[in-house]
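Reminder, nothing fancy here: chain letters follow the sequence lines and each chain counts from 1. Small disclaimer: the values here were computed from a predicted structure and weren't measured.
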Number of protein chains: 2
Amino acid sequence: MQPQFRARVGTEGLRRTNTGAVLRALRRLGPSTRVELARHTGLAKATVGVIVADLEAARAVAEEGSRPGVRGRPGRPVALRGDRFVTLGLELNVDYVSAVVLDLSGRVVSSTSRPGGTGDALHDLARTALAEHVGPESIVVGTTLAVPALVRGDNHTVAWAPNLRVDWTDLAATLGELVPGLEIEVSNDANCAAYAEAHHGAARGAGHALYVTGTVGIGAGIVQDGELVRGGAGFAGEVGHMPMGDSTALCGCGRRGCWEAAIGLHAMLAAVGMPELDTPLLTAESVAERARTDASVRAGLERVGVDVGLGIAMLSSVLDPEVIVLGGYFAALGDLVLEPARRTLDERLASDVQVRPDVRPSTLGIQAAALGAAEQSFGPVLTGELDLTA
Amino acid sequence: MQPQFRARVGTEGLRRTNTGAVLRALRRLGPSTRVELARHTGLAKATVGVIVADLEAARAVAEEGSRPGVRGRPGRPVALRGDRFVTLGLELNVDYVSAVVLDLSGRVVSSTSRPGGTGDALHDLARTALAEHVGPESIVVGTTLAVPALVRGDNHTVAWAPNLRVDWTDLAATLGELVPGLEIEVSNDANCAAYAEAHHGAARGAGHALYVTGTVGIGAGIVQDGELVRGGAGFAGEVGHMPMGDSTALCGCGRRGCWEAAIGLHAMLAAVGMPELDTPLLTAESVAERARTDASVRAGLERVGVDVGLGIAMLSSVLDPEVIVLGGYFAALGDLVLEPARRTLDERLASDVQVRPDVRPSTLGIQAAALGAAEQSFGPVLTGELDLTA
DNA sequence: ACTATTAAGTATGAGTCTCGAACTAATGTC
DNA sequence: GACATTAGTTCGAGACTCATACTTAATAGT
């Protein structure tokens, strides 16, 4: 039987927890002296000294040149090293695949993507990324695959993927062979993107963030206190078909009033009277281009932006995020959509004291999901679940 | 400087964590032998033995009569004791106050409420409850006050309470005197009620639950993995004024389309063509009574129920709860509202694989918030933050 | 140039904790 | 009545954190 009420087993477990706290502090603060780490973690100086020594031996951290200038013995800052532990984040989407190699220091070592949404293309991309950017000294400590699908809370089984015809167990097995001895985790793409924006992108520094992405469908990810809200079955954030009253348009799902039917890519194109191009991104760029000269296009985007604002107002009432990040075609169209959205959000927020969430465009673009997947794979390391010094 | 990256300080901290795990296991499993506790917590038999002995000395647990019948030496079950550690949960609402005394074993020792929503009435009620139901041997380890207001994430400051004219710092000080040496925490009433339903009421056993209560306003509380989702400022769950498209009715807040304007008590009364009585509960009962004979009242409730269903469909898409608990007047009207709500929810849920949340009426009624407040006060004990054995 | 001062980092030894193995205890089974 | 089985305790080993005292390396002042 699995333990259900997680005790921290043994004093080694204690050490792992504390090591995780030190790693998290280094991730957040950047290079820090032992004393600084002790202050921020609450540990004793001596303890931090031992932990840092262990991490140094494991090549997870390294000392930097000391920073003189102040009175007293100068501290010797310790920094996370990037050349030893990395994670691999992958995304399989409808019309593209991408791969990100992230190192322990939080640096993106490699970030590539390629058109064509097949398992083979992804496998190829991942293998290339590993071969070119992960040296023989480096260890891949986790791999996560982001997919536009409903993924169960177990982080493995795909419950529903209407837009992808893939044999998931087969794909997971194939990809798993790339990194021997490591089980691949699967995660929802919007959740991954939200995680990426919260830790590396537009919502960096905010503990509570909401991410909404617009392509043909609408997806969302919720970050509370730095962690993803998954829901009972793992399906939280499926906002595309939530009923929005102001729209009575027919949705692809056969119902009326879905948010997607008001602000999805097709609805946006209908509003501006333009055709769909090869990819959502290209389409959005052409719309942005035309909006510069065509007032009717701007008016159409204005209407879409209002509906975006209504939706995020609703989500804000429920979730109270500090930052809302808009990705997908919303980011490509920028203030053309964001401005009316902000205005509507302001009008609709519940009370005067409620803090207006900051509405920002995604800064990570197409790599968001893969980067978030990679960052998620560092989770066990930063919580101390996985021991780097072993 | 406060430690920010919570390390588990010292081996005593380890013990506290593990003690918390044992207490949680006992809370969930009921009386258990040491071996059972070891299995469920993952700790060694010997360790559990020591922890249980400590708890016994602190009078937090006691041995029960052994359960024979099986082969081998029979185990000696240990159970949480109720006569030593208790918490006090209070609620100050617009038209009533209530107080709940909860003991460590999870039993409600006392539960009282009284009409009239003033600080004095609450103070009086709390003092009586303490005097009559908390013996001299008992220790109050926490007190939480639930209020219909926006409460900041610090659990102390009231940011906005449109319906109550109260000097909050004064009230907290006055109530604080009832239990010397203990700081009183403040929390939102819907959040407290949600917490109560998740741990004691209709959503017991579900890690992920959503609670929606209907009186004049609409409030909600979100429980994820047994814990409340608070949002960036602590204002999550303020769903009353989220824009719901199907309604164009004017809301008290001056906007159109608020959920409250469609399903709040006043909207419901308008739909059935009946007057408001003294309290929401009395009003709801009279409506339920009339519905038995009057088809037009049933039709009105049907319409309200559909709007309830639309809203919880939206929330379900976002949050993916296992159970949705409806409180306030919804619970009083039962299936008259819940049935159309369930039907609408079924129609509107995003995908076929998505698990339908179970929609249930509140089982705790008017005591929900105070009970949840009391349960929240046990939080530090059950996580091991607070040491009972000290 | 030399000393005082300040602050960072390191050794040391005490105190706590958990764990596995061995042991004792209490019951049912044959 | 011997044996098997399971619960709980004892005990020694090992690991960890911590406070204190000490060492080290810089600046400030004279």
Inset, instruction - Rounded to the nearest angstrom, tell me the gap between atom CD1 in B/Ile51 and atom C1' in D/dG8. - result: 15 Å
Legend entry - Any side-chain heavy-atom pair of A/Ile51 and A/Asp54 under 4.5 Å: no
Inset, instruction - Using whole Å, report how far CG of B/Leu37 lies from P of C/dC19. - result: 14 Å
Inset, instruction - Find out whether B/Val22 and B/Leu43 are in side-chain contact, i.e. whether some heavy atom of one side chain is under 4.5 Å from a heavy atom of the other. - result: yes
Inset, instruction - Let me have a per-nucleotide readout for nucleotides 8-17 of chain C, 5' to 3', with B, S or -, counting only protein heavy atoms under 4.0 Å. - result: BBSB----BB
Pairs: protein N or O with nucleotides 28-30 of chain D N or O, under 3.5 Å:
| unit_1 | atom_1 | unit_2 | atom_2 | d |
| --- | --- | --- | --- | --- |
| D/dA28 | O4' | A/Arg71 | NH1 | 2.5 |

Legend entry - Residues that A/Asn155 engages under side-chain contact (heavy atoms from CB on, under 4.5 Å), provided they are two or more places apart: A/Glu185, A/Arg230
Inset, instruction - Grab the two heavy atoms, one from A/Leu26 and one from A/Val78, that are nearest each other, plus how far apart they are. - result: CD2-O, 3.3 Å
Legend entry - Summary of salt bridge (Lys or Arg N to Asp or Glu O under 4.0 Å) pairs that have at least one residue in residues 370-389 of chain B, sequence neighbours excluded: B/Arg27-B/Glu375
Inset, instruction - Go through the structure and list residues passing salt bridge (charged side-chain N to carboxylate O under 4.0 Å, His left out) with A/Glu36, not counting sequence neighbours. - result: A/Arg67
Inset, instruction - Kindly state each residue pair satisfying side-chain hydrogen bond (donor to acceptor under 3.5 Å, both in side chains) with at least one member in residues 79-89 of chain B, sequence neighbours excluded. - result: B/Arg81-B/Asp83
Inset, instruction - Could you check if a side-chain atom of A/Val229 sits within less than 4.5 angstrom of a side-chain atom of B/Ile222, using non-hydrogen atoms only? - result: no
